[in-house]
Structures are given as C-alpha cells and as structure tokens.
**Student:** 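Here it is: the structure, laid out below.
Order of the sequence lines sets the chain letters (A, B, ...), proteins ahead of strands, with each chain counted from 1.
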Amino acid sequence: MPELPEVETTRRGIAPHVVRHRITHIVVRHPQLRWPVPAELVREAKGLLVEACERRGKYLLLRTAKGTIIVHLGMSGSLRLVDDKTPAAKHDHVDIVLDSGQALRLTDPRRFGAVLWTHEDPLQHELLSDLGPEPLGMEFNGEYLYTASRGRTVNVKQFIMDSKVVVGVGNIYASEALFLARIHPSRKAGSLSKARCEALAEAIRNVLTAAIKQGGTTLRDFVGGDGKPGYFAQQLNVYGRTGEACPVCGTAIKQMKQGQRSTYYCPRCQR
DNA sequence: AGAGGTACCTGGCAGC
DNA sequence: TGCTGCCAGGTACCTC
C-alpha cells in the first residue's frame, strides 16, 4: 500500500472534490475485500452529505451526519476521482458516486483493502481504537519512543512498523528512517538509548514529511487522488537498493528478511 | 503481554 | 510461450 504519505496524498487530492458533496449512491462490484463491504453502507449512504475527509493512520474517514465511511487501501489499493461514466476496469471494486458527476473509485487488485461503515465515533471503531500516535503529531517524539520500547525484545524495524506503537510507518519508510537514524534494523527496540530514540523519532518524522511533500513514493501503480504519480521513489536511500553503494559511505546496501518482509540497510553506517 | 508465524489475494517477473 | 516459484506498499488473527 500506500504507506502514510500515499494515504495523506490521496486524502489531500480527493478532499476538495468530496467534502460538501452529496453521495448519490454507492456501486459495489466486488464486495469481497478484506471484509465484505457492508450492504448497510450501500443502503444508508444515499443522499448523505460528506462533511469531512480525514485520515487516522492509514485509514481514510469520510464523515457524514449519519455515519462514517472507513476506507483502507491495503497493499495495492488506490482511490481516484473519475467521471461517473468512466467504464470500470477489472479491479475497480467500489464507486462512491457524487452529485458532482464524479465518482470516488476504489481500485485494489489484491483486495486487502477495506470499505466499512460505522455509526459511532470512527476513532472508537475496533480497528482504530488501539492505534498508536500519529508520527507527525505532538505526542510522537523520542521520549515517547523511549518509554514505549523499554523491555521490548523485538527488533527495532518491526517495532516501528507496529501500528500500536506508531501509525503509518510501513515497510519502505521503516528501512529509510532507520538508515537516516543510523540504527541497525536488527537492534532490539529495548536497547535503544534515549538519544537514539530521539534520532529515530526525528528520522521518521522527516522521512514521512519529505515523502508527503513529494506526493508519496511511486512503486508499481500508485497514483494520488488527482492521478498524479509521487516522486519520492527517487529519494530512497536504501529501499530496493540491494548491492548499490550507500550514499553516505559507499558500502554495498544489504537486504534481509524480518518478519517475512524485506529490510534494506547499510551494514557500515547502521549500528 | 509479547513474539513469531500464517493468512488473505492478484499480478509481475525471473528462471527454466 | 508457458510453467513454477518468488516477490510485492498491510495487518488481523492464531499459537506459543
């Protein structure tokens, strides 16, 4: 997926076209996503005014007076605005059709994404209620990371990818942040000094901020809400660069597996 | 509670 | 060309 910068780029792209527009209806072509798209959503969303388009972690929230549509893009999902009459392609599973003549179209080949509907405060929804702090928010800092990591024996890479610790750090930016903070991905989270936690928090914040500024990272087929690709891929220091020279010291970038996911790092810079 | 593994699903690519 | 196996942005859920 879309990591946090891609989701935020999507949010910014679609918000002006969605907020203060009415949903005329919702078309579900393939309800079997991570969870079935609720029939109740299709029934109830007709005619509702979208009041806000927000993000919590990697979840997008379309708020209406009656309830909130929760969208997650999974690994391969994207949301784009299309003309209502644009023919649907193979993996175009859901359209949220708007009174503007446009539709918010969810495309998701792997179908790990989700479209859900809740009448309650979406932040209290079971998928969102245990999420850690926003990495770009005030609560997320070195002090927090230091406290949260005490006693944790898991490696620091999987630690920062744990959404209960902090949201929005996916597989790409985890490697990138650890590189910037010069921390070895295999290091046990609980072994980090406070100073290194501060460096790590800053690195996470910096890499995500830079990626959002660039409109996300384009890998394969990601495009933002306005259809423009992201440009951050060019700035990746280590991700996907096995064997290439470390931009700092020239040592060959290494790759390994952690929790079934690829990690990239400089064996010399990162300790 | 925490750590580690599995599962969900499709498509692209390398290698034979 | 076609087959097989591996890889891919996430995360809930299971067991130990």
**Student:** In whole Å, what separates the P atom of C:dC14 from that of B:dC9?
**Tutor:**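 Nearest-Å result for C:dC14 against B:dC9 at atom P: 16 Å.
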**Student:** Determine: side-chain N/O of A:R261 to OP1/OP2 of C:dG10, distance under 4.0 Å, yes or no.
**Tutor:**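 For A:R261, the contact criterion (side-chain N or O under 4.0 Å from OP1 or OP2 of C:dG10) is met.
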**Student:** Given the rule in the salt bridge (Lys or Arg N to Asp or Glu O under 4.0 Å) test, do A:R55 and A:E134 qualify, once you have shown the distances and angles that lead to the verdict?
**Tutor:** CA-CA 10 Å; A:R55 179 187 60 74; A:E134 288 289 330; 2.9 Å; yes
**Student:** I need the CG-P distance between A:D92 and B:dT10, as an integer number of Å.
**Tutor:**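 Interatomic distance, CG of A:D92 to P of B:dT10: 15 Å.
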**Student:** Hey, which sits more toward the 5' end of DNA chain C by its nearest nucleotide, A:K164 or A:N171?
**Tutor:** A:N171
**Student:** Within the pair A:T153 and B:dA3, is there a side-chain N or O less than 4.0 Å away from OP1 or OP2?
**Tutor:** yes
**Student:** How close or far is atom P of C:dA12 from atom CG of A:L128, stated in whole angstroms?
**Tutor:**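 About 9 Å, once rounded to whole Å.
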**Student:** Counting only side-chain N and O atoms of A:K257, is one of them less than 4.0 Å from OP1 or OP2 of C:dA8?
**Tutor:**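 So the side chain of A:K257 is within the cut-off, an N or O lying under 4.0 Å from OP1 or OP2 of C:dA8.
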**Student:** If only side-chain N and O atoms of A:H72 are considered, is one of them under 4.0 Å from the OP1 or OP2 phosphate oxygen of C:dT11?
**Tutor:**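 Indeed, a polar side-chain atom of A:H72 lies that close.
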**Student:** Just wondering, do A:V154 and A:K188 contact through their side chains at under 4.5 Å, heavy atoms?
**Tutor:** no
**Student:** Run the numbers on A:R11 and A:E54 for salt bridge (Lys or Arg N to Asp or Glu O under 4.0 Å), then give the verdict.
**Tutor:** CA-CA 7 Å; A:R11 189 194 68 76; A:E54 299 167 1; over 6 Å; no
**Student:** Mind checking if A:Q260 touches a base, just sugar-phosphate, or nothing, with heavy atoms under 4.0 Å?
**Tutor:**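 The residue A:Q260 makes base contact.
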**Student:** Tell me whether the guanidinium CZ or amine NZ of A:R150 lies under 6.0 angstrom from the six-membered ring centre of A:Y146 and within 45° of its axis.
**Tutor:** yes
**Student:** Round to a whole Å and report the spacing from NE2 of A:H93 to P of B:dT10.
**Tutor:**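 In whole Å, B:dT10 P and A:H93 NE2 are 9 Å from each other.
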**Student:** Please state how far atom CE in A:M75 lies from atom C1' in C:dC6, giving the value in whole angstrom units.
**Tutor:**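 Checked: the CE to C1' distance equals 13 Å.
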**Student:** If you pin A:G168 and A:Q255 to their nearest nucleotides in DNA chain C, which one's is more 5'?
**Tutor:** A:Q255
**Student:** Without decimals, in angstroms, what is the distance between A:L33 CG and C:dA12 P?
**Tutor:** 15 Å
**Student:** Under 4.0 Å from OP1 or OP2 of C:dC7: is there any side-chain N or O of A:S262 that close?
**Tutor:**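 No, no such contact exists.
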**Student:** When rounded to the nearest Å, what value does the distance between P atoms of C:dC7 and B:dG5 take?
**Tutor:**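 Nearest-Å result for C:dC7 against B:dG5 at atom P: 15 Å.
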**Student:** Report yes if a donor N or O on one partner sits less than 3.5 Å from an acceptor N or O on the other, where the partners are the side chain of A:R152 and the base of B:dA3; otherwise report no.
**Tutor:** no
**Student:** Only pairs with both distances under 3.5 Å count, Watson-Crick or wobble alike; so what is the partner of B:dC9 in this structure?
**Tutor:**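 None - no nucleotide pairs with B:dC9, as no candidate has both distances under 3.5 Å.
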**Student:** Return the value, rounded to whole Å, for the distance between atom CZ of A:R55 and atom P of C:dG10.
**Tutor:** 14 Å
**Student:** Does the B:dC9 base have a donor-acceptor partner in the side chain of A:R111 within less than 3.5 Å?
**Tutor:**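 By the distance-only test, no, there is no pair.
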**Student:** Looking at side-chain heavy atoms only, is the closest gap between A:L73 and A:D108 below 4.5 Å?
**Tutor:** no
**Student:** Looking at A:Y59, does any N or O in its side chain come under 4.0 Å of the phosphate oxygens OP1/OP2 on C:dT11?
**Tutor:**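 No, because none of the side-chain N or O atoms of A:Y59 sits under 4.0 Å from OP1 or OP2 of C:dT11.
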**Student:** Taking the same atom, P, in B:dA3 and in C:dG9, what whole-Å distance lies between them?
**Tutor:** 22 Å
**Student:** Expressed in angstrom and rounded to an integer, what is the separation of A:W35 atom CH2 from C:dA12 atom P?
**Tutor:**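 Nearest whole value for this atom pair: 6 Å.
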**Student:** Whole-Å distance between C:dC13 C1' and A:F112 CZ?
**Tutor:** 14 Å
**Student:** Just name whichever nucleotide pairs with C:dG9, Watson-Crick or G-U, keeping both distances under 3.5 Å, else none.
**Tutor:** none
**Student:** Checking all strands, does A:K90 fall into the base, sugar-phosphate, or nothing category for heavy-atom contacts under 4.0 angstrom?
**Tutor:**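 A:K90: backbone/sugar contact only, no base atoms under 4.0 Å.
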**Student:** Would you mind reporting whether A:I160 and A:I204 have side-chain heavy atoms less than 4.5 Å apart?
**Tutor:**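 Yes, at least one pair of side-chain atoms sits under 4.5 Å.
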**Student:** State whether A:H91 places a side-chain N or O below 4.0 Å from either non-bridging phosphate oxygen (OP1 or OP2) of B:dC9.
**Tutor:** no
